[in-house]
Colleague: 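Next up is a structure, given as structure tokens.
Just so we're clear, the structure is a prediction, and the values are computed from it rather than from any experiment. As a basis for the values below, the full set of heavy atoms in this structure was taken, side chains included, without hydrogen atoms, waters or symmetry mates.
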Amino acid sequence: MKHSFNKNSIIFSDLLPLLVIVLCVVVVTVTYHPEKATYMDETTALDSGWVTDDGQRFDIDELPKGDITVTHTLTGIDLYRKRFCFRSADTHITAVFDGEEFYSYAPEFPPVLGRSYGMYIHMIPIPPEAQTVTLKLHPLYDNLAPYLRYAAVEDAGVFMGDIYHQNLPGFALCVIIALFGVLMLILGFTARHTTYQSDVNFFSLGTFSILVGVWSANDTYIIQVFTQHPELMRFTNYLCLIFIAYLPVSIMAKATNNSGTVMLPILFLLTTLNFVITMLLSALEISDVRLMLPFSHFNIIVAMVMTMILMVRSVRKKTIDRRFLHMVIVGMTCAVIGVAADILRFRLFPDSSLASSTFTRIGVLVFIVLMGRYLMQERTKTAAQQGQTELMRKLAYTDGLTELANRSAFHLKEDELRQTQAECVIVQLDINFLKKVNDVYGHAEGDKHIIGAANIIRECFDGLGSCYRVGGDEFVVVAANCTEQSVCNALNDLEKKTAEYNTAEAPPVAMQIAHGYALYDGKSCTLEEAEKLADQRMYEKKKAMKNHAAPKND
């Protein structure tokens, strides 16, 4: 019972700060309505009072479907240094002042981009003496009304200032979501070069975050203003919707250990077909990327169903981490609440300056942050476990006295040589008179003798091969990628450095290291035969060294 309480407390403490922040953002967003920026000159709204040729009156945001021409009087309005400003979407526009055509917006671009130009901002200069403004409107798609919003006569700087003032917070949120995705991709690439394995797919989560950030930035107008190419922003928006469906399923499949599920190739095929057919029909001008949106919506619904199936299946089979499951439930709940909040906000505050996907962005941000936090915690825990594993491995295969590889490591090397039959030189080495050092001067002096010999061997064969201590006074060097002459040079250097050690350290028993070597090529002899030959030559050298000069005793 105590363990369960602690676990739930940890989960609650993880989520509480994030939920508090989200609650504060929601409350402030709903209750705060920013004032429009103004100069000393007045801003005159033209949202209502538009009249058709047959005398019908309409508000600018309630125009009927199809082509329409509407007129608004400018009498009594101060036009000095003012412009006729408004926002539009997917509507060709011609502006006429006092019967004279003054402005036209009907962009043309490659068919593959579709007919839609998305959202655009218009700031039309007004002739000083103009009395009326007439708009000839042509919606780009059948059965749709012209889309115009926030029509006003005002200073262009004020109009742009209002757009930035109203949309920068939402755009900043989109940037945060996209940057989070970039961070996940970077972590994914760095994890490729380690043995780290996560329950969450870095690449899927990162790509999903970037696509959501780009998609939700569309209705902020910020990118359209900067690039002056709204059609590219709209086209990118549609591409995001095409590919976004696959990624949550990929994330859940990885998290539930179902990467081999047939759902992934099915959804990949549906996504690919959607992309290819949409691009082909648009390029041939048979259809349009906007008209093909129902296929993207269908794939998104399929992806949601697949995600739920994977989650339920993993709960039944207990193949998902309980903490991760809690994170997913909370994240998805926040995303759903975000969508519901946007709908409710639109009903309660239809004139709010907030973008239509404000709370949806917040909900998605909660989801990806929870996934990212879980991923980072798991990566930290796995890294710590790997560190412990590496330490244990090092201790298991390292000689504690000399810090050379030990006998177990040498046996692994032998197995590798038998499998690869790689050509190398086997060098057997042995310390002379070590027993006498231990018996007469004690094991502390003997250990010092062994360490001195190990250092000499390591220094002489550095870069030629790997050194092993395989017994009390026995060493082996496996010299690969070098010539026999290189080994002979290293052995000559060993004898020279041994003499230098005796002069510098003056051990009670002079250091002597007997050695012998044999070539192993995997063809002319076996590894055991090469080791035996090297051992025989080492003992011949040992015998010659002992006969040449007995050790000097103090």
Colleague: Report the C-alpha separation of Met279 and Asn274 in whole Å, then their side-chain angles, then the decisive distance to 0.1 Å, and conclude whether the side chain to side chain contact (heavy atoms under 4.5 Å, CB included) test is met.
Modeller: CA-CA 8 Å; Met279 294 299 100; Asn274 185 19; over 6 Å; no
Colleague: For Leu270, does its backbone N or O pair with a side-chain atom of Thr272 as donor and acceptor, under 3.5 Å?
Modeller: no
Colleague: Does Tyr164 have more than 12 heavy atoms from other residues, nucleotides or ligands lying within 6.0 Å of its OH?
Modeller: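 Enclosed.
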Colleague: Just checking Phe109 against Tyr117, ring centres under 6.0 Å apart?
Modeller: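 That pair fails the under 6.0 Å test.
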Colleague: Please determine whether side chain to side chain contact (heavy atoms under 4.5 Å, CB included) holds for the pair His92 and Leu137, giving the CA-CA distance in whole Å, both sets of side-chain angles, and the decisive distance to 0.1 Å.
Modeller: CA-CA 6 Å; His92 285 170; Leu137 307 175; over 6 Å; no
Colleague: Does Asn237 reach the main-chain N or O of Trp215 with its side chain, forming a donor-acceptor pair under 3.5 Å?
Modeller: yes
Colleague: Is the distance between the ring centroids of Tyr150 and Phe86 under 6.0 Å?
Modeller: no
Colleague: Find out whether Pro128 and Leu79 are in side-chain contact, i.e. whether some heavy atom of one side chain is under 4.5 Å from a heavy atom of the other.
Modeller: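 Not in contact.
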Colleague: Hey, does the side chain of Asp155 reach the backbone of Gly157 with a donor-acceptor pair shorter than 3.5 angstrom?
Modeller: yes
Colleague: Do other residues, nucleotides or ligands put more than 12 heavy atoms under 6.0 Å from Glu129 CD?
Modeller: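 No, the 6.0 Å shell around CD holds no more than 12 heavy atoms from other groups.
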Colleague: For the atom pair OG (Ser204) and CE (Met252), what is the distance rounded to the nearest 0.5 Å?
Modeller: 11.5 Å
Colleague: Donor-acceptor pair, Ser287 side chain versus Leu281 backbone, under 3.5 Å?
Modeller: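 No, the answer is negative, given that no donor and acceptor are paired below the 3.5 Å cut-off.
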Colleague: Taking the six-membered ring for Trp, are the ring centroids of Tyr120 and His122 within less than 6.0 Å of each other?
Modeller: yes
Colleague: Determine whether Leu264 and Tyr246 make a side-chain contact, defined as any pair of heavy atoms from C-beta on separated by less than 4.5 Å.
Modeller: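 Leu264 vs Tyr246: side chains touch.
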Colleague: Any donor and acceptor pair, going by atom type alone, linking the side chain of His72 with main-chain N or O of Ser48 inside 3.5 Å?
Modeller: yes
Colleague: Looking at Phe159, does the NZ or CZ of Arg83 lie under 6.0 angstrom from its six-membered ring centre and within 45 degrees of the ring axis?
Modeller: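 No, Arg83 and Phe159 do not form such a contact.
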Colleague: Between Asp98 and Thr132 (side chain of the first, backbone of the second, donor and acceptor by atom type, cut-off under 3.5 Å), is there such a pair?
Modeller: yes
Colleague: Is the closest basic N to carboxylate O distance between Asp90 and Arg115 below 4.0 Å?
Modeller: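 No, this pair does not count.
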Colleague: Atom CZ of residue position Phe295 - does it have more than 12 heavy atoms of other residues, nucleotides or ligands inside 6.0 Å?
Modeller: no
Colleague: Apply side chain to side chain contact (heavy atoms under 4.5 Å, CB included) to the pair Thr71 and Val133, showing each step before the final yes or no.
Modeller: CA-CA 6 Å; Thr71 301; Val133 55; over 6 Å; no
